[in-house]
Amino acid sequence: MDIMKNHLLPRIATIKKIINETPNILSLQVVLDDDEAMKNFIFEPGQVAQISVFGFGESTFVINSTPSNKDYLQFSVMKSGVNTTAIHNLSEGEKVGIRAPLGNWFPYKNMEGKNILFIGGGIGMAPLRPLIFHTLENKEKYMKLTFLYAAKSPDDFCFKYDLDEWEKSKDIQLVQTIDNSCYGWDKEVGLCPNVLEKMNPSPQNTIAVLCGPPIMIKYTIGILKKLNFEDENIYTTLERRMKCGIGKCGRCNIGEKFVCVDGPVFSLKELNSIPESFI
Amino acid sequence: MKTLTYIKKENLNTFLEELNKDYDVFLPVQNRENGTINFESLDTVNDNNVVNLKEKTRKSPKSLFFPPTENLFEFEYIKDIKTPDIMEIKLSESEEMIPDKINSRKNIIFGIKPCDVMALKCLDLVFGEGEKKDSRYVMKRANTIIISIGCNNIFPDCFCTSVGGNPFYFDHSDLGLIDMGPDLVIFKSSEKDDIRELLDKSHKFFEEREINSDEEIKIKKIISDSEVKCRSNNESVNAEDIVLDMENKFNDEEMWKNITRKCISCAACTYVCPTCVCFNIGDEQSGMKGERYKCWDFCTNYYYTLEASGHNPRENIYQRYRNKINCKYNYFYKRNKNLYCVGCGRCIDVCPVGMDIREIVKHVRSSQK
Amino acid sequence: MQQENSVEKKLKEKIREVFDGFELVIGYSQSKIPLKVNPLFIKGKEEIDGLIFNKLCINNLATYSYALSNELKGKIGIVLKPCDARSVSQLISEELLNKDRVKSIVVGCAGILDYKKIYKEIGGLKIISADIKDEQIIIDTIDESFTLEAKNFYAGKCYSCKIYDNPPYYDEFIENESKLNIEQENEYEDVEKFEKLNLEEINAFWDLQFGKCIRCYACRNICPLEICRDKCIAQLDVPHWQSQKINSAEGKFFQLIRVFHLAGRCTECGECERVCPANIQIMKLMKKVNKDVLKLFNYRPGYNLDEKPPLLTFKNVEKNIKEEELI
């Protein structure tokens, strides 16, 4: 009976593979211990999960494997606090607790028939990854796909294996940029908002989706507005400290919205009407 | 002629003790040593701890449904020396989740005031609605009978009428009683089966009386006197207006800084409030075993929104207090069409520095931007 | 609104006189709630008329000194009783406050009424209105009225106070014609009585007291000396000293952290016990540690600005501690 379900009780998953993306970010590929549950696991691009190392705590990570992949779930973890450090100390074969899927997702149905401009910064590519895969797998439904990916230095790009594929692909235009020029780098150099302005994308029939550190989002939105993008055509993901993940503990509120239920995906139109969105 | 049921006050103690045999009775108990009144089990009543139904309790009765600390589950890391590379984890939920344990005996809350019952209605909207209900809360609520006593007396910090409440609001109670002096009259009675059962079991303590018009006038006067007194002490707040004012004045940082200067950002107001239910989740481990628990938390505290990177969206006291007031008079209304403050005045009573939520709301409404 | 008494008049005059040099002055003002007063933050001269000073002014306004002196750039003036001035003096001798930025305007004290003692006397009944005339307190509750003799309801610290018209530290001193006039007691008498109980009784007492603790941190946040309130180890995950669970063991642990953090620093203002929503008798612990510090180091916090607090200094040989006797 659903009334009896304890929604704060996690399922157990085993780590099948660990990939070192950058010096302080790693990706975990996990498989739920319950085979049936793993086979029937459905999620949408943009949804998140609460991952815990028992004894340390829980943290929120976006599920960044593609939704069509039924073999494993992938999460990328940057080492910053108690739980993330504990995750970084785990090895393949060890177990974590997982509560998923939580939150809302990118409204990809509304993006059909349009151009999509993806803008990511550092680990901000993680929420974009499942959406990019979804659009590539259903290429016929979408128009031109562009991905502007900014990082501090060549070492700070995540998912380099995907970027190699997409560079060669005709289906998506990939533009990578780093903050300052460095030896061996022959692609773009410059901060994300500046490179975006240089690219001068047309707002006509285009949706922009951006994810990254708050300061990058703030300035990039400024450039998008300068380029005449409409508020309802700009999407971003917000982050707040989360505990219950199901809209009960009250911690992750931004105005009257909870990031764990009404987010993490928000359109700029929504954000402009709620207080405290840009701190 | 109308017939009403009465309980003589001289029979009240025996009535409650009789109830305590089949139910777990909770009621306001006053500690003689320091004078504080809180909801306790009838079993704790003795010479030092007496029943006091006239005054407001210091802490709200929310802890009967939302305990200060609750065990979510226990975990155990299991390792076998023969296979050192493999580690298993076993999760076991605590006994409290077993429905038979929760439903074995019904609870009665006796003497709860109408403001606190309104607060339970708010908590039902938080924990009892939506796809992911809090099952323990729902079970406890279903298992509890609410016997409310209306407020003949209004205290300086009461303001239920300001926020749409009433000193004799019995809508969400199972039984609503009015203190008539020598006896209590059952003014409202729910038709539910378990209430009928309770009334049938206890009929020997009750007296049915046909009331005459004098008696009826007396009852009406008690009700209207309280309401008039509460309204005359406090101005009414129209919910839609206050939500708009809170929205418009949100970014007036100078005003918020000025009105929250004396706040010391402790949890006294949050923890005694009947509607504040923000909680924290933590892990404790010793050796290979441990537990995950859920406990009360307070949004006025610095650590509430502190992120692992060190960034804190609400670094200053005025930002946290502003969020708290908006949660009560703005956000909850937008989500549930209900204000989140019931006007009980406990926060005003307990605040170390005299913050008065009525003054804050008045200030926000009248400030010119 | 009660009639302005003569010390209020003198206080207002003094503040008007010196106001131009200050960015902010903190004092007391009337509260709607019977027997209580409110802190008042004065930024403009027109607000000075709202000041009061009477027997109900129990709050220790030094609690705002540290945070405000960091937030503001100019001078801050605080209206203090002589016992509160000890807190400011202790903060200065620990180099947490700058003597030139925080000015103490000390008013001679005629004693402070403890509203919690009055509540207990009338059986915890809710007070509808209260009035103080001469040496009597007249109280109205729902059913009855009470007339109490004020001299029995002063705060505990008043009964052993020797500084009510002779503050150990001040920048401005306003003399009060009324003087504290109650029977004096030995300052650590209640602690000495408690020490005589056996271990079982003591443990049972504290178990009961801390069973009521709800970890609201009101005690920590109101203390003028606990400037660590936003960095408290009781709330940190790293290092993980304490669980966030709310129960008697955790309450005890938290209070013991406080006791050791304040050893040799607590100026016994009693605010922690006043603000506790669960009425826990915290001051017994604080006074016990202070009694020990007095015996070991002959030091009273907040009296002598030039004396370095002993627990912040290191001496190879301590005058009053015979190490051989300790082993």
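The model shown is predicted, which means the values in this text are computed figures rather than measured ones. Residue numbering restarts at 1 for every chain, and letters A, B, ... go by the order of the sequence lines.
The heavy-atom pair separating A/E256 from B/R335 by the smallest distance is O-NH1, 2.7 Å. Of all non-hydrogen atoms in B/R322 and A/E276, the two that sit nearest each other are NH2-OE2, 4.4 Å. Minimum heavy-atom separation, B/Y331 to A/P275: OH-CG, 3.6 Å. In this structure, A/G57 and B/R292 approach most closely via the heavy-atom pair O-NH2, 4.2 Å.
Using a 4.0 Å cut-off between a side-chain N of Lys or Arg and a carboxylate O of Asp or Glu, B/D297 and A/K243 do not qualify as a salt bridge.
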(request) Check the pair B/M87 / A/E94 against side chain to side chain contact (heavy atoms under 4.5 Å, CB included), numbers first and verdict last. (result) CA-CA 6 Å; B/M87 188 187 263; A/E94 296 207 77; 4.2 Å; yes

(request) Could you give me the CA-CA distance, side-chain angles and deciding distance for B/K132 and A/C244, then say whether side chain to side chain contact (heavy atoms under 4.5 Å, CB included) is met? (result) CA-CA 11 Å; B/K132 303 201 170 163; A/C244 72; over 6 Å; no

(request) Would you check, one step at a time, whether the test side chain to side chain contact (heavy atoms under 4.5 Å, CB included) holds for A/R251 with B/N280? (result) CA-CA 8 Å; A/R251 189 173 302 253; B/N280 196 358; 3.6 Å; yes

(message) Could you go through A/I246 and B/E131, starting from their C-alpha distance and side-chain angles, then the distance that decides it, and tell me whether this counts as side chain to side chain contact (heavy atoms under 4.5 Å, CB included)?
(response) CA-CA 9 Å; A/I246 52 175; B/E131 287 176 3; over 6 Å; no

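Looking at B/N330, neither its backbone nor its side chain comes within 4.5 Å of chain A, counting heavy atoms on both sides. With a threshold of 4.5 angstrom between heavy atoms, B/K294 approaches chain A through side-chain atoms but not through N, CA, C or O. If you measure heavy-atom distances from A/L8 to chain B, the contacts under 4.5 Å come from both the backbone and the side chain. Residue B/Y333: no heavy atom, backbone or side chain, is found under 4.5 Å from chain A. Of the two parts of B/E129, only the backbone, made up of N, CA, C and O, holds a non-hydrogen atom closer than 4.5 Å to a non-hydrogen atom of chain A. Within the 4.5 angstrom heavy-atom criterion, atoms from both the backbone and the side chain of A/N253 approach chain B. In this structure, chain A has a heavy atom under 4.5 Å from the side chain of B/K334, while its backbone stays farther away.
Remark: A/K152 NZ is loosely packed, at most 12 non-hydrogen atoms of other residues, nucleotides or ligands lying under 6.0 Å away. Atom OH of B/Y340 has more than 12 heavy atoms from other residues, nucleotides or ligands within 6.0 Å. At most 12 heavy atoms of other shown residues, nucleotides or ligands fall within 6.0 angstrom of atom CG in B/D193. Atom NZ of A/K269 is surrounded by 12 or fewer heavy atoms from other residues, nucleotides or ligands within 6.0 Å.
Among A/G81, A/S59, A/S80, the residue making the largest number of heavy-atom pairs under 4.5 Å with chain B is A/S80.
Side-chain contact between A/K248 and B/F279: present, with at least one pair of heavy atoms (C-beta onward) separated by less than 4.5 Å.
Relative ring orientation between A/F54 and B/F73 is described as perpendicular, the plane-to-plane angle rising above 60° on a 0-90° scale split at 30° and 60°.
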